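One structure is given here, and the rest of the page talks about it.
Letters A, B, ... are given to chains in the order of the sequence lines, protein chains preceding strands, and every chain is numbered from 1. Being a predicted model, the structure only gives us computed values, none of them experimental.
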Amino acid sequence: MSMRTPLGKVRGLGSAKEGTEHWWMQRLTAIALVPLAIWFVVSLVALIDAGHATMVAWIQNPFTAALLVLFLGAGFYHLKLGAQVVIEDYVHAEGLKTASLIALTFACWLVALVSIIAVLKIAFGG
Amino acid sequence: MANTSRPLSPHLQVYRWKLHMALSILHRATGVALGFGTLLIAWWILATAAGPDAYNAFHALAGGIIGRLVLFGFTFALMLHLLNGIRHLFWDAGYGFELATVQKSGVAVVVLAAVFTVAIWIGGYYVAGKI
């Protein structure tokens, strides 16, 4: 016998207020990252001894640039979600936990944006 | 809620280590390690965007034997996390909870992680024309 109100059922968000968003986004980014991460790490190994010009030429390929942006976007989102769970599990002092989660969110957004903008700068540059 | 320190039920001193336990904490540990590795990746991309001088400075550090070892470790951590992650996705879909299957899939994750790591490095060197 469900104790949910009709409005609650319609909204589908549950008592945590955001439903299964975190859970699903973690899985979605994980699935996207399976091919993206494999492609990326193979490329990294192939480019170990590459010079600057080779790197720039590689990133200026539109396909490469697109995959890099997708990898960075999905990767940092997945990272943020995972690290959030780690912090929630191990940090119990409420103030420190909140501060850590805020710092994590901001850091992920910052590094993700900087990296993506760097890729685009190279891709659109001469 | 008061933050009084409450005793933790002993677990590490009590339970014998099994593969599924090790893989569970390794999934988290590799995840954290990969998170830090991603910062190095961001540095690499930023160095490339900044120009040849910045790139060469990064490459002087990263192109040596230490850099290669770090990248190899990163690859292995990635493969462990990725393959165990797929194992988790099967569990999410409701498959593979039988004990025998859990054991077998765990062994497969470790073995395939090693195989994929070597394959990726051979593949990368092949793409670069070194072999």
In Å, rounded to the nearest 0.5 Å, how long is the span from CD1 of B/I86 to CD1 of A/I31? 9.5 Å
Please determine, among B/L39, B/L78, B/L34, the option with the most heavy-atom pairs under 4.5 Å with chain A. B/L78
Report yes if the side chains of A/V45 and B/R68 come closer than 4.5 Å at any heavy-atom pair, otherwise no. no
Which bit of B/I45 is near chain A, if near means a heavy-atom gap under 4.5 Å: side chain, backbone, both or neither? both
Separation of A/L47 CG from B/H59 NE2 (nearest 0.5 Å): 9.0 Å
Do B/T38 and A/V111 have side-chain heavy atoms sitting under 4.5 Å apart? no
Closest non-hydrogen atom pair between A/H52 and B/T48, with its separation: NE2-O, 2.8 Å
Is the number of heavy atoms from other residues, nucleotides or ligands under 6.0 Å of B/F36 CZ greater than 12? no
Might you confirm whether atom CH2 of A/W109 has over 12 heavy atoms from other residues, nucleotides or ligands at distances under 6.0 Å? no
Go through the atoms of B/L83 and report whether side chain, backbone, both or neither lie under 4.5 Å from a heavy atom of chain A. neither
Can you give me the closest heavy-atom contact between B/V127 and A/A46, atom names plus distance? CG1-CB, 3.9 Å
Would you find more than 12 non-hydrogen atoms of other residues, nucleotides or ligands less than 6.0 Å from B/K18 atom NZ? no
Measuring from B/Y55:OH to A/T54:OG1, what's the distance to the nearest 0.5 Å? 7.5 Å
Whether B/H81 and A/H78 hold their rings parallel, tilted or perpendicular, with breakpoints at 30° and 60°: perpendicular
Can you tell me which portion of B/I41 sits under 4.5 Å from chain A's heavy atoms? Options are side chain, backbone, both or neither. side chain
Using a 4.5 angstrom heavy-atom cutoff, name the option from B/F72, B/W44, B/F116, B/F74 with the most pairs to chain A. B/W44
